[in-house]
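Accompanying notes for the structure given below.
Along the sequence shown, the residues carry numbers beginning at 1. The structure presented is a predicted model; accordingly, all values stated were derived computationally and were not measured.
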Amino acid sequence: MSKYKVTATKITTGMQVSAGTRGFEITFDEPESTNTGMNPVEILLASFGACQAITAQALAKKRNFDLRAFWVTIEGDLGREDVADGKNVSKFTEIRYQPHLRSSESDEDIKKFLADVAAKCPVENTLTYGTKFVQNGFVKVD
C-alpha cells in the first residue's frame, strides 16, 4: 500500500486555496471569487483525466502498444442526489469521458487497451467503487 499526503490551506484572497505536496502547489478558486484557478470539482475531473493518461502511457510502454498521443475530454453533471441513509447530497451524478489517441493498433486492440486503462486507473476505481473517509479529529491553532 502506498500513502500520499497533501495539505490544503485557505488563502486570505477570496476563496483561494493552496494545496501542496512534495514541493508542488496548485491554486484552487471559484469563478465567482477571484477566478485564479480551477475549482475543486474541476480539479477532480482533471485528476481523473491525468490518471487515465498516465495509466495509458505506463500500460502502453509495458505492452509495447503503439500510443503516440493520448488525451481525454471529461464532463460531469454536478447536482443533488439521494444516497444511503436518505441523505440528499451534492455530488457528481454522472461523469462522461472520451479518450482520444493516436495509434496504429486495431480498433479491437484499442478497445481492450482502454478497458485495461479504466480497470487500472486508481482515480477511476476510487470514483467508481468509493472510499472510506476518516476525519482524524482536529487541531485548534491559536
Side-chain angles (χ1 to χ4, degrees), residues 1-139 141:
M1 177 183 301
S2 300
K3 290 189 180 188
Y4 295 84
K5 184 176 182 177
V6 173
T7 299
T9 304
K10 170 66 185 81
I11 300 173
T12 57
T13 305
M15 297 179 90
Q16 289 180 341
V17 171
S18 176
T21 186
R22 301 183 298 111
F24 299 102
E25 296 286 326
I26 296 175
T27 299
F28 294 71
D29 201 3
E30 289 290 338
E32 65 274 6
S33 178
T34 57
N35 199 29
T36 55
M38 289 187 279
N39 67 30
V41 293
E42 291 166 332
I43 289 179
L44 177 71
L45 295 178
S47 293
F48 165 70
C51 189
Q52 287 275 310
I54 290 168
T55 302
Q57 181 61 39
L59 278 177
K61 185 177 180 181
K62 183 178 179 181
R63 296 180 181 176
N64 211 19
F65 183 91
D66 176 41
L67 184 64
R68 287 173 271 135
F70 187 91
W71 67 97
V72 185
T73 55
I74 307 131
E75 63 182 10
D77 300 327
L78 190 66
R80 297 200 65 82
E81 186 172 88
D82 290 332
V83 296
D85 302 327
K87 293 179 184 173
N88 186 269
V89 299
S90 179
K91 65 187 269 304
F92 276 116
T93 57
E94 183 173 276
I95 296 173
R96 294 169 300 283
Y97 68 101
Q98 186 173 40
H100 302 254
L101 58 153
R102 190 170 294 118
S103 175
S104 62
E105 303 287 345
S106 71
D107 286 0
E108 186 174 315
D109 286 343
I110 289 172
K111 287 177 186 176
K112 289 178 187 175
F113 176 75
L114 292 174
D116 287 345
V117 169
K120 294 186 181 310
C121 173
V123 174
E124 182 166 355
N125 288 333
T126 299
L127 292 171
T128 299
Y129 301 108
T131 194
K132 179 179 175 182
F133 281 83
V134 178
Q135 180 182 343
N136 289 326
F138 65 91
V139 177
V141 181

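Listed by chain and number, the residues in a side-chain hydrogen bond (donor to acceptor under 3.5 Å, both in side chains) with Ser106 are Asp109 (sequence neighbours excluded). Partners of Asp66 according to the side-chain hydrogen bond (donor to acceptor under 3.5 Å, both in side chains) rule, which considers only residues two or more places apart in sequence or in another chain, are Arg68, Ser104. Not counting sequence neighbours, the partners of Asn88 by the side-chain hydrogen bond (donor to acceptor under 3.5 Å, both in side chains) test are Arg80, Asp82. The side chain to side chain contact (heavy atoms under 4.5 Å, CB included) check on Glu25 picks up Ser18, with sequence neighbours excluded. Every residue two or more places apart in sequence or in another chain that forms a side chain to side chain contact (heavy atoms under 4.5 Å, CB included) with Ala19 is listed here: Val6, Ala8, Phe28. In this structure Lys91 satisfies the side-chain hydrogen bond (donor to acceptor under 3.5 Å, both in side chains) test together with Glu81, sequence neighbours excluded. Every residue two or more places apart in sequence or in another chain that forms a salt bridge (charged side-chain N to carboxylate O under 4.0 Å, His left out) with Lys112 is listed here: Glu108.
A donor-acceptor pair is defined here as one N or O able to donate and one able to accept, closer than 3.5 Å; no such pair exists between the side chain of Thr7 and the backbone of Gly20.
Here ring-ring contact (aromatic ring centres under 6.0 Å, His included) pairs that include residues 106-136, with residues two or more places apart or in two chains, are Phe65-Phe113. A salt bridge (charged side-chain N to carboxylate O under 4.0 Å, His left out) check over residues 92-104, counting only residues at least two apart or in different chains, returns the pairs Glu75-Arg96, Asp77-Arg96, Glu94-Arg96. Applying the salt bridge (charged side-chain N to carboxylate O under 4.0 Å, His left out) rule to pairs touching residues 28-43 yields nothing, sequence neighbours excluded.
Shortest non-hydrogen contact noted between Pro31 and Asn39 is CD-ND2, 4.2 Å.
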Side chains of residues 44-62: which donor-acceptor pairs under 3.5 Å do they make with residues two or more places apart or in other chains?
unit_1, atom_1, unit_2, atom_2, d
Ser47, OG, Ile43, O, 2.9
Gln52, NE2, Glu124, OE1, 2.7
Thr55, OG1, Cys51, O, 2.7

For residues 10-17, please give each side-chain donor-acceptor pair under 3.5 Å, one per line with the distance, not counting sequence neighbours.
unit_1, atom_1, unit_2, atom_2, d
Lys10, NZ, Gly14, O, 2.8
Gln16, NE2, Thr34, OG1, 3.4
Gln16, NE2, Thr36, OG1, 2.5

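The line from CG of Leu101 to CD1 of Ile110 is 4.5 Å long, rounded to the nearest 0.5 Å.
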